Every structure is written in C-alpha cells, then in structure tokens.
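Small disclaimer: the values here were computed from a predicted structure and weren't measured. Each chain gets a letter, A, B and so on, in the order the sequences are listed, and its residues count up from 1.
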2 protein chains.
Amino acid sequence: MNRKQTPLREQTRNVVRSLLAQTAVELFAAQGYDDTTLDEVAAAAGVSRRTLFNYFRNKEDLALSGLSEQGELIAASLAERPADEDPWTSLRAAFQVLEEIETTAERRLELITLLFGNETLRAGHAEKQARWQDLLAPLIEPRLPESDRRALEARTIAAAAIACLQAANEEWVRLSGQVDLFDLYDTAVRAIHRT
Amino acid sequence: MNRKQTPLREQTRNVVRSLLAQTAVELFAAQGYDDTTLDEVAAAAGVSRRTLFNYFRNKEDLALSGLSEQGELIAASLAERPADEDPWTSLRAAFQVLEEIETTAERRLELITLLFGNETLRAGHAEKQARWQDLLAPLIEPRLPESDRRALEARTIAAAAIACLQAANEEWVRLSGQVDLFDLYDTAVRAIHRT
DNA sequence: CACAGCGTTGCACGCAGTGCACGTTGCTAC
DNA sequence: GTAGCAACGTGCACTGCGTGCAACGCTGTG
C-alpha cells in the first residue's frame, strides 16, 4: 500500500522545492536575475541543473513560485467570508492573509525590488496576478445581485481589487515600507469605489 | 545636411517593421507561437534571422509590437480631453481610439486568440498594459482634487480603467465579438464605480 | 538476493538572443 | 564622377534556457 507514502514524498518534495527557490532568490537578489545562470543556482543548491527542472517549469518559476500559493491563500480566505458580506469588505479581509504570511519587511522589499527590476519577472508577476482573478471571481459572483452580466461584474471587481492591491504595493515600495500597506490600499479603493 | 534623410530612413524602417510583424503574426496564428521558429519567420519575410533582431528586441515583441503603440495612442487621446472633464469620462473617450484603429473584427479575434493562447504572450500583454498606467496616470493626476496621495489615486484610477477594458475585452472574445465592446466596458465600470 | 519503482543525473539537441566583423548600399561632399 | 562615410544586412560563433532520453543509484519488497 502506498496510502501513506505519497504524502511523505510530496512533503519532502515541497521542502526541497522551497529550499531551491530560497537559494535561487538569494542569488538573484545578490547578483541580478539575468546575470545568474541556472548552473550557478544548481551548484549553490547542491543539485544538478537538470534537477531544477524537475521542481520548476523554468527559471522564472524559481523566482515567482511564491506568488501562485499566495493566490490560493487569498482564495481560501475569501471562501470563508460570510456569504452576505459586501464583496469589497470580503476582499480586503482576504488580502490580509498576505500580511500574516510574509516574513520581515526587509525580505519583502528585497523580493519585490528584485521582481520590479526585471521586465521578464514583472511580466510573470502581472500574469500570475491576472490568474488570481480566475480564483477570486467565482467566489465573488454568487455574492452579487441578479444580473445577466454577473460573471463580467465579478471578474471586474476581482480585477479592480487586485489592481488596488498592486497600486498600493508599488506605492509601499516607493515609500520603502514606511507606511501601512492597507492604509494605502484603502486610499486606492476609495479613489475608484465611492460607497 | 541630413535634415531630410533621417525621416526617410525612419519611415522605411517603420514600414519594414510593420511588414515583419505582420508576417510573423500570420505564421504564429497559423501554426502556433511556440511551434514557429525565428528562422521560419525570417525565411517567410525574406530576411535573415539576425535582421529580425535589428527591428525587434525579441520574439515576443514580434507578436506584441502593436500594443505599445496603442498605449501611446490612448495617452495622446487622453491628453486632448478637456481638463475639467471627469477622469472616467475622459478615459472612456480615450479608449475609443482603439476602435478606430483596429482592423476587422476577425483580425482582432485572430490576434487576441493567439495572444490569450500562450502564457508568455499573456504575460507580455499584461506587462504592456501595466506600462499603460505609466502613460495615463500623469495625465489623470492634475484632474483630481487636492490630496496628499493624488499620485496613488491617479495610478489606481488608470489601473482600474484598464482592468475594466481588459475584462470587457475578455468577455468580448468569449462572446466571439457578437456584442459591442463598450457596452461591456460600461457594465464593467458600473460594477466598481458607483457614480 | 533479485527485483521494481522512483528520483537524480549526464548527454545531446534545438532554439532564443548577443557580440563582432565583414560586405553592400546609398547618400554626401569635393 | 569619384572617394568616402554611415547605416544597414548578414554570417558566424558563442552563451544560456529548456527538453527528451537513457543510465545510474537508492530504497523498500517478496
């Protein structure tokens, strides 16, 4: 029977994956994304280059692997909000799981700086956040009043909320993390959503 | 004197650029983006592979070159709107230059289908649209009331409007272009922006 | 001990992208 | 008209990403 083996394997696999991503991000931050070859990452992690591709689809994934999980976390958090809550209130609460997860402000800044400093990574980041819509919109749709375009409305609300989060995040980085992220988020939401 | 040469060269250069992009897109649409090598594109266009890189930064640019110009067109259109106009009204009007420019609905669908069907292109598209914010936000900011976070507010409005356009565009594709794009856009805007 | 499954690894290959150097073309100046 | 100049096209060599394939070692099992 392998009823218990599979979870074990997956568990170790996830650990290794995290380790690999961590060493990769450190190298990227230290000497730049483009100036770091996968051979160097592999050597630093003590595995072969070929093995990296067993854990990550490509170089970009090595840097962005954390973002996909974030989307799932937000979606899971959103799913637990009361069904009769206002979507914007639910989304704001769901986004706050990010503050619980992330490590120190320094580490966040390091990662985001790396991320914003390279066009490929920015593009990958934008795409990942666009995929968050796919997770969030279905959870928002049932909360909206009857309409023949409810799917579009739900998607738009998800996209707009993510855009607010993104704008707040950029401003937060610009201010070197000196202010509260969700103060900025609230400002952003108020700018577009008159209640 | 080369007061007239430079425009001439640039003009021919732009023409060649368009030709190259066009043949590339046709090939991409016909046999898929990943399954089309730059050697094939070069051969189809009658130039060397090396020359492609004289006109485009990379393969992705061959497919997305049109999008950057669109951002500049929208920005130019936005700049001409009256200064005391509501930002959302101005943005809606500015976006409408897209309808004037684009070719047939079939061609748009072909391009967008290609674009949505590949992850790399989706990412590049998302990033390009994110860069639109850099062009639009500065034009929106002076239209906003005094505030100590006006830059963030302007950026958010630009991002939200683009998100509405994007959501409307996706829905428009999903409906195979059977409805008016700006009806969908208005629906999207109403979903987030209670006036 | 033999065996089977699984992950790791090396190897070879195709393709994207870059630096460099050479040939061609077309305009400028004399 | 001709010499020269500048931009462009092109070939070549090279680095690095990403993939298919086959072999190797490790671990648990009968």
Side-chain angles (χ1 to χ4, degrees), chain A residues 1-21 23-25 27-28 30-65 118-124 127, chain B residues 1-21 23-25 27-28 31-65 114 118-124 127:
Chain A
M1 286 293 172
N2 49 6
R3 194 74 54 86
K4 268 186 176 174
Q5 284 170 15
T6 313
L8 256 174
R9 306 232 172 189
E10 280 189 13
Q11 206 170 343
T12 62
R13 185 177 174 81
N14 287 336
V15 172
V16 173
R17 217 182 115 92
S18 298
L19 265 306
L20 292 178
T23 61
V25 168
L27 266 184
F28 291 158
Q31 62 185 47
Y33 179 76
D34 286 328
D35 294 337
T36 305
T37 70
L38 292 186
D39 277 319
E40 293 178 271
V41 176
V47 296
S48 75
R49 192 177 73 101
R50 195 63 184 79
T51 297
L52 288 183
F53 288 102
N54 289 341
Y55 286 90
F56 300 91
R57 303 211 333 273
N58 49 38
K59 186 179 182 180
E60 193 185 299
D61 256 27
L62 263 170
L64 302 182
S65 63
N118 180 273
E119 189 175 333
T120 305
L121 294 183
R122 275 203 312 271
E127 227 282 314
Chain B
M1 283 294 169
N2 48 7
R3 195 75 53 85
K4 269 187 176 175
Q5 284 169 17
T6 315
L8 258 173
R9 304 240 164 152
E10 281 188 11
Q11 206 170 343
T12 61
R13 185 176 174 83
N14 287 335
V15 172
V16 173
R17 216 182 115 94
S18 298
L19 264 306
L20 292 177
T23 61
V25 168
L27 267 185
F28 292 158
Q31 62 186 45
Y33 179 76
D34 286 329
D35 294 337
T36 305
T37 69
L38 292 186
D39 277 320
E40 294 178 270
V41 176
V47 297
S48 74
R49 191 177 73 99
R50 195 63 185 79
T51 297
L52 289 182
F53 289 102
N54 288 341
Y55 287 90
F56 300 91
R57 302 213 331 274
N58 48 40
K59 187 178 181 181
E60 193 185 299
D61 256 27
L62 263 171
L64 301 182
S65 63
L114 162 69
N118 180 273
E119 189 175 332
T120 304
L121 294 183
R122 274 204 312 273
E127 227 281 315

Check: So do the side chains of A:N58 and A:D61 get within less than 4.5 Å of each other, counting heavy atoms only?
Finding: yes

Determine whether A:N118 and A:R122 make a side-chain contact, defined as any pair of heavy atoms from C-beta on separated by less than 4.5 Å.
no

Quiz prompt | Lys/Arg-Asp/Glu bridge criterion (N-O < 4.0 Å) met for B:E119, A:R57 | solution = yes

Rounded to whole Å, the CG-P distance (A:D34 to C:dT18) equals 10 Å

Of C:dT18, D:dG18, D:dG16, the nucleotide closest to the side chain of B:F53 is C:dT18

Original post:
What nucleic acid atoms does A:T36 come within less than 4.0 Å of, heavy atoms only: base, sugar-phosphate, or nothing?
Top reply: sugar-phosphate

_Do A:E127 and B:E127 make a side-chain contact, defined as non-hydrogen atoms from C-beta onward lying under 4.5 Å apart?_
no

Working for side-chain contact (heavy atoms from CB on, under 4.5 Å), residues A:L121 and A:F28
CA-CA 11 Å; A:L121 294 183; A:F28 291 158; 5.8 Å; no

Here the distance between atom P of C:dA16 and atom CG of A:N58, to the nearest Å, is 16 Å

Rounded to whole Å, the NZ-P distance (A:K59 to D:dT15) equals 16 Å

key: Cation-pi check, A:K59 onto A:F53 ring (under 6.0 Å, within 45° of axis)   = no

Between CG of A:L52 and C1' of D:dC17 the distance, given in whole Å, is 12 Å

Between CG of A:D35 and C1' of C:dT18 the distance, given in whole Å, is 14 Å

message = Applying a 4.0 Å non-hydrogen cut-off, can you work out what B:R49 is touching in the nucleic acid: base, sugar-phosphate, or nothing?
response = base

When rounded to whole Å, the CD to P distance for the pair B:Q11 and C:dG26 reads 17 Å

*Considering only heavy atoms from C-beta outward, does the side chain of B:V41 approach that of B:L20 to under 4.5 Å?*
no

Any protein N or O atoms within reach of nucleotides 6-10 of chain D? Criterion: under 3.5 Å, listing atom names and distances.
residue, atom, partner, partner atom, Å
D:dA7, O4', B:R9, NH1, 3.3
D:dG9, OP1, B:Y55, OH, 2.7
D:dT10, OP2, B:S48, N, 3.1
D:dT10, OP2, B:T51, OG1, 2.7

A:L20 atom CG is separated from C:dG7 atom P, nearest whole Å, by 15 Å

Rounded to whole Å, the CG-C1' distance (B:D61 to C:dA16) equals 13 Å

